[in-house]
Novice: 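Please see the structure below; I have some questions.
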Amino acid sequence: MMETIVKLLLMQIAYNCPEEEIKSSTCFSEEEIKCLEYQIIALEGNTQKLKNPNLNKDLKRYVWAIARLGGWKGYASERKPGITTFWIGIQKFSSIMQGWQLFHDVSRR
């Protein structure tokens, strides 16, 4: 529980500080990053406005994906996602990650 709260706070900080780059490894493992990369492909829309604006592999790229999983629309004209959106996104990502790990465990046999 405490780990989730720390992750949420780090993501909130990363999203609100435009000039600061934070390594993605502070919140996510390598396996989680691989899973999030697949999620980003599915979460990005067809228009340029709905693409993930963070191309490099810093924390903001994955925070964007968590916010989208939490129900944030992704438009720059809307307000930034809040802690509730991140909380919902983390819960959904946790379920997705369990399925991801199960798939990889079964496919190795």
Side-chain angles (χ1 to χ4, degrees):
M1 180 72 164
M2 197 63 178
E3 181 183 349
T4 302
I5 293 169
V6 170
K7 284 183 181 183
L8 286 169
L9 290 174
L10 282 173
M11 289 190 305
Q12 185 77 21
I13 290 167
Y15 199 81
N16 287 328
C17 298
E19 70 281 345
E20 196 172 319
E21 283 190 19
I22 301 174
K23 292 182 180 181
S24 57
S25 61
T26 57
C27 283
F28 302 109
S29 68
E30 287 299 317
E31 196 66 26
E32 290 172 329
I33 289 172
K34 287 179 189 176
C35 181
L36 277 169
E37 283 295 332
Y38 280 102
Q39 289 302 309
I40 288 171
I41 294 168
L43 292 169
E44 286 184 328
N46 295 331
T47 64
Q48 192 60 33
K49 289 182 179 181
L50 289 177
K51 300 282 185 201
N52 190 333
N54 306 299
L55 300 176
N56 52 356
K57 304 284 184 180
D58 67 343
L59 184 59
K60 289 181 187 186
R61 178 172 177 80
Y62 306 111
V63 169
W64 181 91
I66 296 293
R68 291 281 296 178
L69 286 171
W72 181 59
K73 301 291 185 221
Y75 290 107
S77 61
E78 290 185 357
R79 67 185 191 117
K80 293 182 179 182
I83 199 76
T84 305
T85 304
F86 287 132
W87 181 261
I88 294 168
I90 283 283
Q91 288 177 331
K92 286 186 179 180
F93 177 65
S94 177
S95 298
I96 291 168
M97 195 62 205
Q98 287 176 355
W100 174 272
Q101 290 170 336
L102 181 63
F103 170 75
H104 285 290
D105 287 345
V106 170
S107 64
R108 289 184 193 155
R109 293 181 185 177

Novice: Do the rings of F28 and Y62 sit parallel, tilted or perpendicular, given the 30° and 60° boundaries?
Specialist: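 Ring orientation of F28 relative to Y62: perpendicular.
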Novice: Which atoms form the tightest heavy-atom contact between W72 and R79, and what is the distance?
Specialist: NE1-O, 3.1 Å
Novice: Is any side-chain heavy atom of I66 closer than 4.5 Å to one of L36?
Specialist: yes
Novice: Using the rule that Ile, Leu, Val, Met, Phe, Trp and Tyr join whenever any side-chain heavy atoms are under 4.5 Å apart, tell me whether F103 and I40 fall into a single cluster.
Specialist: no
Novice: Quick one: list whatever passes side-chain contact (heavy atoms from CB on, under 4.5 Å) with L43, sequence neighbours left out.
Specialist: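 side-chain contact (heavy atoms from CB on, under 4.5 Å) check on L43 returns Q39, W64, A65, R68, L69.
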Novice: What's the shortest heavy-atom distance between C35 and M97, and which atoms?
Specialist: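 Heavy atoms of C35 and M97 come nearest at CB-SD, 3.8 Å.
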Novice: Please find the pair of heavy atoms, one from E32 and one from F93, that lie closest to each other, and give the distance.
Specialist: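 In this case the closest contact between E32 and F93 is O-CZ, 3.8 Å.
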Novice: Rounded to the nearest 0.5 Å, what separates atom CD in Q101 from atom CD1 in I96?
Specialist: 12.5 Å
Novice: Determine whether more than 12 heavy atoms belonging to other residues, nucleotides or ligands lie under 6.0 Å from atom CD of E30.
Specialist: no
Novice: Sorted by first residue and then second, give each salt bridge (charged side-chain N to carboxylate O under 4.0 Å, His left out) pair with at least one member in residues 94-103; sequence neighbours left out.
Specialist: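 Not a single pair qualifies under salt bridge (charged side-chain N to carboxylate O under 4.0 Å, His left out).
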Novice: Quick check for you: to the nearest 0.5 Å, what is the distance between N52 atom CG and I41 atom CD1?
Specialist: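 One finds 11.5 Å between CG of N52 and CD1 of I41.
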Novice: Test of understanding: with side-chain contact (heavy atoms from CB on, under 4.5 Å), list the residues that count as partners of T47, not counting sequence neighbours.
Specialist: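 side-chain contact (heavy atoms from CB on, under 4.5 Å) list for T47, sorted by chain: K49, L50.
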